[in-house]
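Nothing fancy with the numbering, it's 1 onward along the sequence. The figures that follow rest on heavy atoms only: side chains count, while hydrogens, waters and symmetry mates do not.
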Amino acid sequence: MRKFTYIILITFVLLGCFSCRNKFDRNIDLAEKLSYIEGDSAWKILTEIDTTKLTEKQKMQLFLNAAYLKGIYANPIYLFDEDIKEGDSYFSGKLDSDEIKWYIVKSIDAKQKGDPVGWLENLKDAEFLAIQLDRKAELGFIYLYLSKVYQQGFNGTVGRYYAEKAAKIFKELNFPAHLKDARMSVIGSIIVQGDYKTALDSMEAMTPEVMNNATESYKVFFLDQLARTYDENEMTDKAISIWQSIYADKPISSNTLAHWANAYLHINKFDSALILINEAIELPHNNTDEYLCRNVQYQILEKAGQKDKLPQIDSLRNIASVRIGEEKKLEDVSLSLNIKYDSTTRDAWIKVNNAKAHTLIAIFVSIISCMALVIIWLIYRKRNKLLKLEHENDILKIQNLEQNLFLSDNQNKEMNYKITSLFQSRFKVLDDLAATYFECKDTGNEQKRIYNEVKVVLNNFNNDKSIHELTEILNGYHNNLMMKFKSDFPKLSKSQYRLSVFLFCGFSLPSISFFTDTELKNIYVYKSRLKSLISHSESPNKEEYLKFFE
């Protein structure tokens with residue numbers, strides 16, 4: 001019953017684990033499907049998963065999906081070295097969608113850490129794997145991020161190429177929010193190319209859709225880019241009007257303030273331009289923004305006639321330019337990485353990974369084969385030992401049987417000898433009595449001599465030797481009867497023991513009376529007492545003893 005209860009408990013535990021695992025997989029699949037169209041819903045599903053019941057691998061998968069979701073909605077991702085090491089151990093080399101996502105997450109992290117090589121290299125790895133596995137959704141984001149990489153590297157042609165590919169995929173998959181991002185990336189690439197007229201046409205065509213469907217934060221971003229495009233197309237008043245409307249009660253970046261100040265410079269409002277550029281310089285910014293701010297500041301001071309400050313501003317501008325030059329080695333890096341990922345290299349990459357997979361399979365098969373051989377050898381060895389022990393046990397049984405047969409044969413011979421001796425002694429008694437009767441026949445001593453002879457013979461039944469012989473015969477004929485009787489009743493007196501011997505031999509009470517030279521009535525009393533003693537005992541053999549008293 002207890003064993004059955006344990007089986008039921010184990011079954012329920014296994015079913016519970018299986019159910020939890022299936023529930024986790026269902027939530028991850030649902031979050032993945034919603035991540036591209038309903039980011040908030042996907043995030044809610046991921047954050048509501050109970051992490052206390054998850055395995056380490058499931059926790060890493062949850063972490064990956066959460067980081068990927070943040071990344072594709074332009075939220076910051078910061079990974080520690082331990083996160084990257086652990087993620088590589090779980091996802092790298094698996095050749096699945098999780099590995100693609102992991103490359104994308106690492107690329108976003110590298111971008112935020114100011115590592116352009118890692119940013120581009122992880123994206124190119126992700127691109128190659130997504131093409132091999134035909135993962136269009138991930139490939140769309142890879143192309144979108146690659147377009148931004150090349151825009152930052154001032155390669156508008158390549159940036160536009162990737163942005164248009166991303167837009168095509170998002171349109172095909174019906175991802176409207178991400179389609180807008182891709183179209184904005186196309187415009188960004190056009191601006192990098194210096195074609196502001198085309199950029200403005202594209203943005204004006206997008207304006208109704210953005211203003212009707214986009215979020216407030218995206219509208220601010222879009223209008224800011226539209227204002228810059230107006231300014232570049234000599235529609236500065238429109239640009240300034242847009243900036244004033246969207247940043248009346250919202251924080252503004254150093255980069256936007258620099259463009260706004262530049263717009264005032266275009267219409268010769270030097271005081272307003274100088275106020276904005278000084279404010280921009282005070283705000284936190286990177287080297288690219290530093291160069292932009294110093295360049296605008298230089299132009300404002302130059303046009304305003306404050307030439308005494310120009311050498312200092314020019315020095316700061318040159319420092320920023322040098323720093324940008326160090327950061328903008330992305331162009332060379334991208335070319336070298338493109339060479340790395342040409343068709344020949346990719347074929348080699350596939351062959352290496354296939355060889356690695358085949359090697360791992362061969363090693364796994366070898367290990368399994370070795371383990372199987374070891375198990376078979378251990379089983380065979382154990383079986384031989386068991387057979388050997390069984391054989392030795394059979395030999396011991398045979399030897400014991402032979403020994404028992406030998407002992408039994410000796411006992412039978414001894415018993416035959418004793419019975420023969422007893423038999424012969426009884427015939428000798430008859431022979432002696434017959435001879436005596438023949439000698440005394442018809443004489444006065446006839447009766448007397450015969451009586452004396454019979455008395456002597458019968459009296460010999462009560463001596464120790466005769467009792468010993470009778471005991472051995474009883475033991476041999478009745479399966480050690482007297483040995484068991486003496487063991488069960490060790491406190492019997494010598495006379496009680498002799499009485500039991502005579503009774504077990506089947507002698508009548510008058511004969512026992514004569515053998516023991518005891519009155520017959522006393523023999524009846526002694527027999528009754530002995531029977532009562534046996535009846536009230538706890539001996540397991542008492543039924544066997546009592547049948548001789550019937």
Side-chain angles (χ1 to χ4, degrees), residues 404 407-437 439-440 445-550:
N404 291 334
L407 293 174
S408 178
D409 185 59
N410 287 339
Q411 289 176 352
N412 289 334
K413 287 180 180 179
E414 186 178 353
M415 182 56 61
N416 288 334
Y417 173 76
K418 290 178 180 180
I419 292 175
T420 301
S421 299
L422 181 63
F423 183 76
Q424 290 175 350
S425 65
R426 298 304 173 256
F427 274 101
K428 188 174 182 305
V429 169
L430 291 175
D431 185 60
D432 290 341
L433 289 175
T436 300
Y437 181 76
E439 291 175 1
C440 300
N445 293 327
E446 178 182 355
Q447 293 182 354
K448 185 176 180 180
R449 282 194 63 185
I450 291 173
Y451 174 79
N452 288 333
E453 288 286 342
V454 172
K455 187 174 182 181
V456 170
V457 170
L458 295 176
N459 282 338
N460 286 337
F461 266 84
N462 198 31
N463 60 30
D464 293 339
K465 181 180 179 182
S466 180
I467 294 298
H468 180 70
E469 289 178 350
L470 291 174
T471 299
E472 289 190 346
I473 291 171
L474 286 170
N475 283 331
Y477 188 71
H478 287 294
N479 192 24
N480 294 321
L481 178 67
M482 294 310 299
M483 187 181 297
K484 292 186 288 185
F485 183 75
K486 197 168 186 180
S487 175
D488 291 343
F489 303 99
K491 295 183 179 181
L492 289 178
S493 64
K494 186 176 181 181
S495 59
Q496 287 176 312
Y497 183 76
R498 290 193 176 195
L499 175 60
S500 63
V501 170
F502 290 137
L503 289 171
F504 293 156
C505 285
F507 290 112
S508 65
L509 294 185
S511 298
I512 296 172
S513 174
F514 180 77
F515 295 156
T516 59
D517 194 19
T518 305
E519 292 185 6
L520 182 60
K521 64 179 181 179
N522 290 336
I523 295 298
Y524 276 105
V525 173
Y526 296 153
K527 177 185 176 183
S528 177
R529 289 176 180 174
L530 185 59
K531 181 178 180 181
S532 177
L533 176 65
I534 295 171
S535 299
H536 291 88
S537 72
E538 296 181 356
S539 170
N541 305 304
K542 64 181 180 181
E543 296 299 329
E544 184 180 1
Y545 304 144
L546 291 174
K547 69 183 181 180
F548 293 99
F549 288 82
E550 295 176 356

Legend entry - F489 vs Y497 side-chain heavy atoms within contact, under 4.5 Å: no
Legend entry - S487: partners by side-chain hydrogen bond (donor to acceptor under 3.5 Å, both in side chains), with sequence neighbours left out: none
Inset, instruction - Any chance you could measure K527, atom NZ, to L509, atom CG, to the nearest 0.5 Å? - result: 5.0 Å
Inset, instruction - Drop me the distance from T471's OG1 to N480's CG, to the nearest 0.5 angstrom. - result: 12.0 Å
Legend entry - salt bridge (charged side-chain N to carboxylate O under 4.0 Å, His left out) contacts in which one or both residues fall within residues 474-495, not counting sequence neighbours: D464-K494, K484-E544
Inset, instruction - Measure across F504 and Y545 and return the closest heavy-atom pair with its distance rounded to 0.1 Å. - result: CE2-O, 3.8 Å
Inset, instruction - Start with the C-alpha gap between Q496 and Y526, add the side-chain angles, then the distance that decides, and say whether side-chain contact (heavy atoms from CB on, under 4.5 Å) holds. - result: CA-CA 8 Å; Q496 287 176 312; Y526 296 153; over 6 Å; no
Legend entry - Option passing side-chain contact (heavy atoms from CB on, under 4.5 Å) with T518 (candidates V525, I512, L499, I523): I523
Inset, instruction - Find out whether L474 and C505 are in side-chain contact, i.e. whether some heavy atom of one side chain is under 4.5 Å from a heavy atom of the other. - result: yes
Inset, instruction - Using modelled atom types only, decide if a donor and an acceptor are shared between the side chain of S532 and the backbone of R529 within a distance under 3.5 Å. - result: no
Inset, instruction - For the residue pair L470 and F502, establish whether any side-chain heavy-atom pair is separated by less than 4.5 Å. - result: yes
Legend entry - Heavy-atom check, side chain of R498 versus side chain of T516, under 4.5 Å: no
Legend entry - From N522 atom CG to S495 atom OG, the distance as rounded to the nearest 0.5 Å: 11.5 Å
Inset, instruction - Could you pull out the closest heavy-atom pair between S513 and L520, with the gap in Å? - result: OG-N, 3.5 Å
Legend entry - Which residues share a side-chain hydrogen bond (donor to acceptor under 3.5 Å, both in side chains) with S535, sequence neighbours left out: none
Inset, instruction - Find the distance between CE (M482) and CG (N475) and round it off to the nearest 0.5 Å. - result: 7.0 Å
